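Note that the structure is a prediction, hence the values are computed from the model and not measured. Computed over heavy atoms, backbone and side chain alike; hydrogens, waters and symmetry mates excluded.
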Amino acid sequence: MRANTPTAKTNANKKVFIKTYGCQMNVYDSDRMADALAPAGFVPTRDAADADLILLNTCHIREKAAEKVYSELGRLRKLKGERAKAGKDTMIGVAGCVAQAEGEEIARRADVVDLVVGPQSYQALPEMVARAGRGERVVITEFPDEDKFDSIAMTPKKILASRGPTAFLTVQEGCDKFCTFCVVPYTRGAEVSRDVNKVLTEARTMVEAGVREITLLGQNVNAYHGEGLDGSPWSLAKLLHALAEIDGLWRLRYTTSHPRDMDDDLIAAHRDLPSVMPYLHLPVQSGSDRILQAMNRRHTGDDYRRLIDRIRAAQPDLAISGDFIVGFPGETEQDFNDTMQLIRDVEYAAAFSFKYSPRPGTPGALLDDHVPDAVMTERLHALQALITEQQRAFQESRIGRTFDVLFEKKGRNPGQLVGRSPWLQPVNVQAPERLLRTMQPVTITHTGSNSLFGDLAESDNHAALHDAQVMAQLETAS
Ligand code: 5AD
Ligand code: SF4
């Protein structure tokens with residue numbers, strides 16, 4: 001039994017604090033790190049000052065990532081010193097994509113760090129902690145041959161049950177697209193898909209623990225090609241069909257997709273599977289064909305427009321979100337205007353936008369013709385103003401509509417619950433706590449800055465019913 005291993009004994013009741021930066025894949029990985037450390041006796045804490053082990057799960061996608069990690073490590077050095085004065089040891093680890101990219105360099109530059117672990121090696125954490133406990137500095141950033149997913153313990157039902165009705169499930173990792181601005185193919189490696197039966201088993205475990213909505217994760221999730229139940233590679237569409245059969249799994253989402261991998265079957269799944277939510281994150285990055293080519297996206301602005309038309313023909317209620325980069329080397333005013341035009345044509349429900357930042361080791365970092373920072377700032381502001389306008393229009397278009405909301409947690413105000421709309425918007429509703437983890441029809445009354453407000457459609461019915469009964473009683477009485 002693992003619980004009786006020496007590691008478990010020495011670590012019994014130790015606490016781990018994990019700080020997560022970056023994407024949802026990192027959020028998922030942080031949970032998996034906590035899971036991997038649980039058999040070794042670690043319980044999660046939300047308070048870094050109370051932690052025997054502090055892990056930074058870092059992101060390298062954009063600017064100053066490494067600098068941020070080093071300054072956080074400076075703060076942690078102080079914390080470690082304070083805890084040492086109180087006679088407590090603190091172990092510090094750097095995980096995630098900065099760990100992968102910087103490796104030994106981190107251990108060299110920051111002596112406060114005890115361990116450095118890349119995203120492919122979290123299953124080694126218990127052993128690394130044991131070695132670091134013996135005074136060794138441990139760095140593991142190789143890409144192991146075995147399937148990373150196989151060796152990580154599946155999240156126990158008890159833990160899942162405490163995490164609410166929505167969960168992430170990584171089905172694919174890495175990327176072979178090599179967009180010229182992006183570090184992902186280098187930090188996360190080549191595209192790997194998990195076998196269908198493993199995904200289904202994990203999804204079923206989640207559902208048994210009360211999960212009702214699963215978001216399938218992958219850097220390039222729609223390139224999914226895991227080994228299917230019949231031994232042949234299955235597409236994401238086929239995987240969605242199999243997941244949609246699981247009783248009690250009400251909602252499915254997937255992110256992030258590349259326009260080139262939106263095949264006909266996946267588009268049809270949005271039409272044919274009611275549990276596939278009408279929301280699609282489909283980054284385009286730029287609307288200029290010249291820049292798209294320089295980014296190695298391998299599609300044009302019009303290819304993207306035509307694709308959006310086909311997806312909307314299959315599911316007219318679909319909300320699209322995107323990612324944009326402004327100031328890619330060589331981007332002219334005309335290129336930027338092409339991006340703005342594409343945004344006007346597509347009408348986004350939401351979008352993330354960034355100033356280009358050269359990532360060491362990517363082909364983009366070797367390009368000249370940099371766009372001055374002031375110009376990038378100006379373009380970013382203009383783009384964000386347009387997106388905000390579209391986002392507001394989308395929010396307002398929900399007013400008066402009634403749709404299902406999956407209640408996830410208590411709201412800020414007493415008696416309030418917060419759930420998600422099919423389009424991923426937070427919805428605030430006065431509702432009894434017993435409705436947590438259930439899905440209820442809600443009629444939207446008004447919008448907040450980033451969320452919606454509504455009333456339980458059924459409670460309206462109840463209220464109407466109640467009023468009718470009171471009226472009937474009054475009439476009988478008179
Ligand atoms: N500079 C700016 N933004 C970037 N992204 C990825 N790499 C860079 C970079 N070097 C953005 C892209 C991507 C999102 C996750 O981050 O828009 O879709
Ligand atoms: Fe990066 Fe996405 Fe391009 Fe892959 S497809 S290189 S993850 S931006």
For Thr187 and Ala101 the tightest heavy-atom approach is CG2-CB, 4.2 Å

Solution key, residues 91-99 side-chain donor-acceptor pairs under 3.5 Å, sequence neighbours excluded:
none

Can you name the side chain to side chain donor-acceptor pair (under 3.5 Å) partners of [X], sequence neighbours left out?
{"X": "Asp52", "answer": "Arg83"}
{"X": "Lys19", "answer": "Glu72"}
{"X": "Ser30", "answer": "Thr20, Asn57"}

Listed partners of Phe403 passing ring pair (Phe, Tyr, Trp, His ring centres under 6.0 Å), at least two apart
Trp423

Can you list everything that forms a ring pair (Phe, Tyr, Trp, His ring centres under 6.0 Å) with Tyr304? Sequence neighbours excluded, please.
none

Rounded to the nearest 0.5 Å, what's the gap from [atom1] on [X] to [atom2] on [Y]? Could you check?
{"X": "Leu292", "Y": "Arg297", "atom1": "CG", "atom2": "CZ", "result": "7.5 Å"}
{"X": "Asp195", "Y": "Leu200", "atom1": "CG", "atom2": "CG", "result": "10.5 Å"}
{"X": "Asp261", "Y": "Leu266", "atom1": "CG", "atom2": "CG", "result": "9.5 Å"}

Across all chains, not counting sequence neighbours, the side-chain contact (heavy atoms from CB on, under 4.5 Å) partners of Ala124 are Met128, Ile140

With Leu406, which residues qualify under side-chain contact (heavy atoms from CB on, under 4.5 Å), at least two apart?
Pro165, Thr166, Arg212, Glu213, Trp250, Arg251, Met439

May I ask you to decide if [Y]'s main-chain N or O and [X]'s side chain share a donor-acceptor pair within less than 3.5 Å?
{"X": "Arg194", "Y": "Thr170", "answer": "yes"}
{"X": "Gln172", "Y": "Asn220", "answer": "yes"}
{"X": "His370", "Y": "Leu367", "answer": "yes"}

Applying salt bridge (charged side-chain N to carboxylate O under 4.0 Å, His left out), run through Glu127 and Arg131 and close with a yes or a no.
CA-CA 6 Å; Glu127 181 214 320; Arg131 281 168 57 192; 3.1 Å; yes

Can you tell whether the side chains of Asp247 and Arg204 come within less than 4.0 Å, N to carboxylate O?
no

Can you tell whether the side chains of Lys80 and Asp114 come within less than 4.0 Å, N to carboxylate O?
yes

Would you list the atom pairs, donor with acceptor, under 3.5 Å between side chains in residues 372-383 and any protein atom, with sequence neighbours excluded?
unit_1: Asp373; atom_1: OD1; unit_2: Lys355; atom_2: NZ; d: 3.3
unit_1: Thr377; atom_1: OG1; unit_2: Lys355; atom_2: NZ; d: 3.0
unit_1: Thr377; atom_1: OG1; unit_2: Asp373; atom_2: O; d: 2.9
unit_1: Arg379; atom_1: NH1; unit_2: Glu331; atom_2: O; d: 3.0
unit_1: Arg379; atom_1: NH1; unit_2: Glu331; atom_2: OE1; d: 2.9
unit_1: Arg379; atom_1: NH2; unit_2: Glu333; atom_2: OE1; d: 3.1

Go through the steps for Asp35 and Arg32 under the test salt bridge (charged side-chain N to carboxylate O under 4.0 Å, His left out), then give the verdict.
CA-CA 5 Å; Asp35 295 344; Arg32 280 318 180 69; 3.6 Å; yes

Is there any ring pair (Phe, Tyr, Trp, His ring centres under 6.0 Å) pair reaching into residues 181-214, and which pairs are they, with sequence neighbours excluded?
Phe178-Tyr186

Checking Arg437 against Phe407: charged group under 6.0 Å from the ring centre and within 45 degrees of the axis?
no

Between Val116, Asp111, Leu115, which is the residue that forms a side chain to side chain contact (heavy atoms under 4.5 Å, CB included) with Arg137?
Asp111

Please enumerate all residues that pass salt bridge (charged side-chain N to carboxylate O under 4.0 Å, His left out) together with Glu433, with sequence neighbours excluded.
Lys410

Which residues share a salt bridge (charged side-chain N to carboxylate O under 4.0 Å, His left out) with Arg108, sequence neighbours left out
Glu105

